[in-house]
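Some notes on the structure that comes next.
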Amino acid sequence: MENNKIAVGLDIGTTKIVAMIGRKNEYGKLEVLGIGKAKSLGVKRGVVNNITQTIQSIQQAVDEAQSVSGQQIEEVVVGIAGQHIRSLHHSDYITREKSDEVIDELDIENLVEQVHKLVMLPGEEIIHVLPQEYKVDSQSDIKEPIGMYGGRLEANFHVVVGQVSSIRNIGRCVKSAGLSLSDITLEPLASASAVLSQEEKEAGVALIDIGGGTTDLAIFKDGIIRHTAVVPFGGNVITEDIKEGCSIIEKQAELLKTKFGSAWPGENKETEIVSIPGLRGREPKEITLKNLSKIIHARVQEIIEHVYLEIKNYGHETQKGKLIAGIVLTGGGSQLKHLRQLVEYITGMDVRIGYPNEHLAGDSDDVLSSPAYATAVGLLMEGLEKQRKEEEENVEEEIIEEPVFEREVIKDEIEEPEKPVEENKSKTHKSKSFFEKFTERFKEFLDNAE
């Protein structure tokens, strides 16, 4: 296996921007060659609100990753999230003209294209069209319709929608930082790739990614994504509450939260006190840990209840939608003490913290297996997977081209063999994901905008 294939994941978050360079080792595990981190100054709740500062932060993170790894970064896989992301369910169908022929990838592509034509609200664009179950004529609950006979092909879709301007702003920042955009991925999906196992996705699981500005939710059942949502609250809101409630500066509030904070107020005694130095020679402030955990508890409870409402909307209380694997918490906010117990108490579901270490090589730095890097690891995995698919497509095209040349010589056989060749070609072409097509259109837009 070639070891020179590297990819780069760029996680543009509200608190930090992370650039991660890596490749697959000979055992198929992720070997991280370098990581760069910069404070995110121009992003609020997952949306870019200051282009110049975001470009500077991206360049800083990329430069650090380049100097650590000794590799040159040219293209990156970027994650997209933010409060502008919403999802909806939609059913659509096509009537096939040639029902005596089997369903192929072209039919599915036509069906998906039809969903892409849905009229959205002004300023919104479809990012992701994810097919769920198919229905062929009167036969329902089909996972893979290719190869079946039928006149009417129908499917349920999970459609992810976002603000065009927000997506383009991220693209502009990446391009202005001297990088090219290899792919765009929804951040909860990237985090899911990094921390969830296939068994959990089959059994039914809710991934809650608690970031600085937003909390992302992705629900899987029967191995298929069923629901996504973005709650516009995250760890920064908790810090803001501590700052206001204790009348201290933001830096001190963040330190208090990470070092002494707890989501469970009953844990601390009234006598446990932290002393915070006053500003410019002022008297130090004394804060009881019980009060601190009460402030944190109130806000965390609100965030979890918002997310739990989304899980209920998906229908986890029904027999069909039951999430057997419960909840997986990840992201920087999931490191808050006693958060797991609070989520279990509010939802009554099994909860575990998701670490991205399962896919990392054994000699990886311990820092990388922190839940805070789950999205970056997931984006890096997406980048490597995309490269692998492209390689496979190139190999398939080479294999297909040979017999086409040979067949031309034998005139009598031209008519028969040509059909499968065309079919294969269409399949090679169609194996592009719908998200890749969106990325291509997006790249064209950026090139024309210059």
Side-chain angles (χ1 to χ4, degrees), residues 81 83 85-93 108 111-112 115 118 126-145 148 152-161 186-193 195-210 214-233 300-331 334 339-354:
Q83 58 189 28
I85 299 284
R86 68 184 184 92
S87 63
L88 54 107
H89 289 276
H90 176 71
S91 291
D92 220 321
Y93 73 91
I108 290 174
L111 182 55
V112 170
V115 179
L118 271 178
I126 293 174
I127 300 173
H128 230 332
V129 172
L130 302 156
Q132 298 189 324
E133 296 96 1
Y134 294 91
K135 189 176 179 182
V136 178
D137 293 342
S138 58
Q139 191 181 343
S140 57
D141 288 340
I142 296 166
K143 279 194 177 178
E144 185 56 271
M148 296 178 77
R152 177 183 159 118
L153 176 66
E154 194 176 338
N156 293 325
F157 291 95
H158 181 72
V159 183
V160 180
V161 182
L186 196 64
E187 287 195 354
L189 298 185
S191 304
S193 305
V195 302
L196 297 181
S197 68
Q198 193 54 39
E199 287 89 349
E200 284 177 315
K201 289 180 184 177
E202 288 287 342
V205 67
L207 177 85
I208 302 174
D209 184 347
I210 306 170
T214 58
T215 298
D216 306 331
L217 171 72
I219 296 175
F220 292 84
K221 177 81 178 172
D222 301 326
I224 301 167
I225 180 103
R226 299 292 179 182
H227 189 72
T228 50
V230 177
V231 175
F233 305 115
V300 170
Q301 191 170 4
E302 187 188 352
I303 294 169
I304 298 305
E305 278 169 0
H306 265 86
V307 177
Y308 190 43
L309 187 65
E310 287 288 348
I311 296 173
K312 279 181 176 170
N313 289 345
Y314 146 75
H316 94 101
E317 287 167 338
T318 62
Q319 191 58 40
K320 198 182 172 190
K322 203 162 191 280
L323 303 177
I324 297 164
I327 291 171
V328 176
L329 296 171
T330 194
S334 67
L339 178 66
R340 189 177 65 81
Q341 289 87 332
L342 179 65
V343 177
E344 276 183 353
Y345 176 74
I346 292 172
T347 63
M349 296 163 80
D350 288 337
V351 181
R352 76 170 177 91
I353 306 291

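Side chains included, hydrogens not; waters and symmetry mates left out as well; all remaining heavy atoms used.
Side-chain atoms of Ser334 never come within 3.5 Å of backbone atoms of Ile353 as a donor-acceptor pair (strictly under, hydrogens ignored). In this structure, Lys221 contributes its side chain and Leu323 its backbone to no donor-acceptor pair below 3.5 Å.
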Worked check of side chain to side chain donor-acceptor pair (under 3.5 Å) between His158 and Gln132: CA-CA 7 Å; His158 181 72; Gln132 298 189 324; 4.5 Å; no

Candidate pair Asp222 and Lys143, rule side-chain contact (heavy atoms from CB on, under 4.5 Å), full reasoning: CA-CA 10 Å; Asp222 301 326; Lys143 279 194 177 178; 3.8 Å; yes

Ser191 and Leu207: CA distance, side-chain angles, deciding distance, side-chain contact (heavy atoms from CB on, under 4.5 Å) verdict: CA-CA 8 Å; Ser191 304; Leu207 177 85; 3.8 Å; yes

Verdict with reasoning, Arg226 to Glu310, per salt bridge (charged side-chain N to carboxylate O under 4.0 Å, His left out): CA-CA 12 Å; Arg226 299 292 179 182; Glu310 287 288 348; over 6 Å; no

side-chain contact (heavy atoms from CB on, under 4.5 Å) between His128 and Leu189, worked out: CA-CA 11 Å; His128 230 332; Leu189 298 185; 3.4 Å; yes

Check against side-chain contact (heavy atoms from CB on, under 4.5 Å), Val136 and Leu153: CA-CA 5 Å; Val136 178; Leu153 176 66; 3.9 Å; yes

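When ring centroids are compared, His89 and Tyr314 stay outside the 6.0 Å threshold.
Side-chain contact between Val343 and Val307: absent, with no pair of heavy atoms (C-beta onward) separated by less than 4.5 Å. With contacts defined as side-chain heavy-atom distances shorter than 4.5 Å, the pair Val231/Leu217 does not qualify. Side-chain atoms of Met349 and Tyr308, non-hydrogen and from C-beta on, do get closer than 4.5 Å to each other.
Taking Thr347 as the reference, nothing meets the side chain to side chain donor-acceptor pair (under 3.5 Å) condition, with sequence neighbours excluded. Judged as a ring pair (Phe, Tyr, Trp, His ring centres under 6.0 Å), and not counting sequence neighbours, the contacts of Tyr345 are Trp264.
In this structure, Glu202 CD and Ile224 CD1 are separated by 8.0 Å, a value rounded to the nearest 0.5 Å. Residue Leu88 holds its CG atom at 7.0 Å from CG of Leu118, rounded to the nearest 0.5 Å. Residue Thr215 holds its OG1 atom at 8.0 Å from CG of Asp209, rounded to the nearest 0.5 Å. Atom CD in Glu317 sits 10.5 Å away from atom CD1 in Ile311 (nearest 0.5 Å). In this structure, Ile142 CD1 and Lys135 NZ are separated by 9.5 Å, a value rounded to the nearest 0.5 Å. To the nearest 0.5 Å, the span separating CG on Leu186 from CG on Leu130 amounts to 8.5 Å.
For Asp92 against His90, the heavy-atom pair with the smallest separation is OD2-NE2, 3.0 Å. Here the closest heavy-atom approach between residue Ser87 and residue Thr228 is recorded as OG-O, 2.6 Å. Taking each heavy atom of Gly223 and Gln198 in turn, the nearest pair found is CA-NE2, 4.0 Å. The two residues Pro232 and Thr214 have their closest heavy-atom pair at CA-CG2, 4.3 Å. For Glu200 against Val195, the heavy-atom pair with the smallest separation is OE1-O, 4.1 Å. Heavy atoms only, all atoms of each residue included: Leu111 and Ala155 are closest at CD2-CB, 3.8 Å.
Side chain to side chain, Asn156 and Ser91 meet the donor-acceptor criterion of an N or O pair below 3.5 Å.
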